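For the numbers below, each heavy atom of this structure counts, side chains included, while hydrogens, waters and symmetry mates do not. Just so it is clear: chains get the letters A, B, ... in the order the sequence lines come, proteins before strands, and each one is counted from 1. Please read all numbers here as calculations on a predicted model, not as lab measurements.
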There are 2 protein chains.
Amino acid sequence: MSIANPSTSDDLGSSAQRERRKRILDATYELAKSGGFDAVQMRAVAEHADVALGTLYRYFPSKIHLLVSALGRQFDDAAKRLHEREIPGDNQADRVLYVLKRMARGMQGDPKLTEALTRAFMFADSSVANEIHVVGMAMTSIVTHAMHGGEPAEDALTDEDVAIARVIGDVWLSALVAWVTGRSTAAETAAHMEKAVHLILRD
Amino acid sequence: MSIANPSTSDDLGSSAQRERRKRILDATYELAKSGGFDAVQMRAVAEHADVALGTLYRYFPSKIHLLVSALGRQFDDAAKRLHEREIPGDNQADRVLYVLKRMARGMQGDPKLTEALTRAFMFADSSVANEIHVVGMAMTSIVTHAMHGGEPAEDALTDEDVAIARVIGDVWLSALVAWVTGRSTAAETAAHMEKAVHLILRD
DNA sequence: ATACGTGGTGGAACGTGTTCCAAATTATGC
DNA sequence: GCATAATTTGGAACACGTTCCACCACGTAT
């Protein structure tokens, strides 16, 4: 078995294999985007990516792994993009809210995709720990980066900072689930996040 | 269709129907307790509750409805039990933590059950809104009750109180998911909750 | 008492995630 | 180039959630 840990994107595999892996994630992305969680059917993904079903399962041992990996790729991209710029805002709360709203806007632009990825994330069990960890890291990194104003002084991260970022991430995740599952509107979600961030980050 | 809204426990149905409903929820509970989410198989629930599969689906239109209803029943019970007593602790944070730890202990005693109910809750979509609402209400009520020290002055609930309780509930849910899915240990979860509550409730 | 209608029963059937396997293809060491 | 191992393929098969249907049981109005 040569494909051991597909969660870290850089390592492993011949170029043909990296190609296949990318095709699979792209197909997942497309299907999720147009039809949400239910539309990401393993047979459809395989067909779309032009691999056999067995191969798909060799690369991603379950639908959940597949979707969470796709989510990880997306979060990584988002984190990378955000790290390139300074975050506007005069205090931590404003900057964090700026970033969260930015991400929320992106997600609301692709509700089906967001639904698929969020559901998968919430449903994942410990066998998906690696992939989940990637997502959690990206999330925390995004929030702490915003807290610090986008300055590259990332080394100044205290435990306190990380704890705060994790709490905000938790609230964000819950709010996301509520929105994704149709239990609250985008506006309610935004208001709730605003309240929460001000509660947690009282500069 | 006479069984319209089984989420509010009091209404509807002949005694034979209430009986059936209870048997179904009990069977769900037992199966979840011993085998978790995967063990709650609709055929097994039906057999255990001694009803036909079709009948089960008439009472609960999906596995998710079923599990979330079971969760609602459990939260209601927990809320009722907690409302009967005074909550020890000198400030809001202590009291809330007391309650959360109490609930956590209960849940850790039945990890499989907790896993089943939490997964279902996270996976529920808008068609389960009623049942979800019951759970959310119970959760908020538990936290606000703790904040106010168990005094029956529940009328003094401000919007602020409710918002705070909802944020705490969010963090709790995220922490619960992390624990249930094996991404964090019970101790980590407890520490995280402690941190979060102190962050949010600085008396 | 009888007929009617609502709800329950038993079981077949379908869709989709997942597993498995033999054959075909590709990669690797000599 | 060839032998051998590893990977991919195509497709069958299985499990479980869900749907459907023909039939039965029981309470109620006439």
Enumerate the residue pairs fulfilling salt bridge (Lys or Arg N to Asp or Glu O under 4.0 Å) with a member in residues 113-122 of chain B, sequence neighbours excluded, ordered by first and then second residue.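 Listed by first then second residue: B:Glu115-B:Arg119.
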
Selection residues 177-190 of chain B - residue pairs positive for salt bridge (Lys or Arg N to Asp or Glu O under 4.0 Å), sequence neighbours left out: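 Every candidate salt bridge (Lys or Arg N to Asp or Glu O under 4.0 Å) pair involving residues 177-190 of chain B fails, so no pair, neighbours aside, qualifies.
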
Rounded to whole angstrom units, what separation is found between the CZ atom of A:Arg20 and the P atom of C:dT26?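 After rounding, the gap between these two atoms is 9 Å.
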
What is the distance, to the nearest angstrom, from the CZ atom on A:Arg58 to the C1' atom on D:dG10?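 Going from CZ in A:Arg58 over to C1' in D:dG10 covers 15 Å.
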
Does B:Tyr59 place a side-chain N or O at less than 4.0 Å from the phosphate oxygens OP1/OP2 of C:dG8?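 Result: yes.
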
Given D:dT8, is OP1 or OP2 found less than 4.0 Å from the side-chain N or O atoms of A:Gln17?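 For D:dT8, OP1 or OP2 has a side-chain N or O of A:Gln17 closer than 4.0 Å.
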
Quick one: side chains of residues 32-56 of chain B, donor-acceptor pairs under 3.5 Å with protein atoms, not counting sequence neighbours, listed by atom name and distance.
{"unit_1": "B:Ser34", "atom_1": "OG", "unit_2": "B:Glu30", "atom_2": "O", "d": "3.3"}
{"unit_1": "B:Ser34", "atom_1": "OG", "unit_2": "B:Leu31", "atom_2": "O", "d": "3.4"}
{"unit_1": "B:Gln41", "atom_1": "NE2", "unit_2": "B:Asp38", "atom_2": "O", "d": "3.3"}

Give a yes or no answer on whether the side chain of B:Ser62 reaches the backbone of B:His65 with a donor-acceptor pair at less than 3.5 Å.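 Yes, B:Ser62 side chain to B:His65 backbone: donor-acceptor pair under 3.5 Å.
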
For nucleotides 18-25 of chain C, tabulate all protein N/O to nucleotide N/O atom pairs closer than 3.5 Å, reporting atom names and distance.
{"unit_1": "C:dT18", "atom_1": "OP2", "unit_2": "A:Tyr57", "atom_2": "OH", "d": "3.1"}
{"unit_1": "C:dT18", "atom_1": "OP2", "unit_2": "A:Lys63", "atom_2": "N", "d": "2.9"}
{"unit_1": "C:dT18", "atom_1": "O5'", "unit_2": "A:Tyr57", "atom_2": "OH", "d": "3.4"}
{"unit_1": "C:dT18", "atom_1": "O4", "unit_2": "A:Arg43", "atom_2": "NH1", "d": "3.2"}

Those residues that, when tested against B:Lys22, pass salt bridge (Lys or Arg N to Asp or Glu O under 4.0 Å) (two or more places apart):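 Checked B:Lys22 against salt bridge (Lys or Arg N to Asp or Glu O under 4.0 Å); matches are B:Asp26.
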
Give me the residues of residues 113-129 of chain B where at least one heavy atom lies under 4.0 Å from an atom of DNA chain D, by number, or none.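 The answer is none.
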
Report the residues that fulfil side-chain hydrogen bond (donor to acceptor under 3.5 Å, both in side chains) with A:Thr185, sequence neighbours left out, ordered by chain and then residue number.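 Partners of A:Thr185 by the side-chain hydrogen bond (donor to acceptor under 3.5 Å, both in side chains) criterion come out as none, since no residue qualifies.
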
What is the nucleic acid contact for B:Val45, judged by heavy atoms within less than 4.0 Å: base, sugar-phosphate only, or nothing?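 Touches nothing.
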
Ignoring hydrogens and angles, write down the donor-acceptor pairs under 3.5 Å from the side chains of residues 99-110 of chain B, residues two or more places apart or on other chains.
{"unit_1": "B:Lys101", "atom_1": "NZ", "unit_2": "B:Glu194", "atom_2": "OE1", "d": "3.1"}
{"unit_1": "B:Arg102", "atom_1": "NE", "unit_2": "B:Tyr98", "atom_2": "OH", "d": "3.4"}

Which side-chain N or O atoms in residues 159-173 of chain B pair as donor and acceptor under 3.5 Å with protein atoms at least two apart or in another chain?
{"unit_1": "B:Glu160", "atom_1": "OE1", "unit_2": "A:Lys195", "atom_2": "NZ", "d": "2.7"}
{"unit_1": "B:Asp161", "atom_1": "OD2", "unit_2": "B:His148", "atom_2": "NE2", "d": "3.0"}
{"unit_1": "B:Asp161", "atom_1": "OD2", "unit_2": "B:Thr158", "atom_2": "N", "d": "3.2"}
{"unit_1": "B:Asp161", "atom_1": "OD2", "unit_2": "B:Thr158", "atom_2": "OG1", "d": "3.3"}
{"unit_1": "B:Asp170", "atom_1": "OD2", "unit_2": "A:His192", "atom_2": "NE2", "d": "2.6"}

If you check every side-chain atom of A:Ala52, which of D:dC16, C:dG10, D:dT9 has the closest atom?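 Of the candidates, D:dT9 comes closest.
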
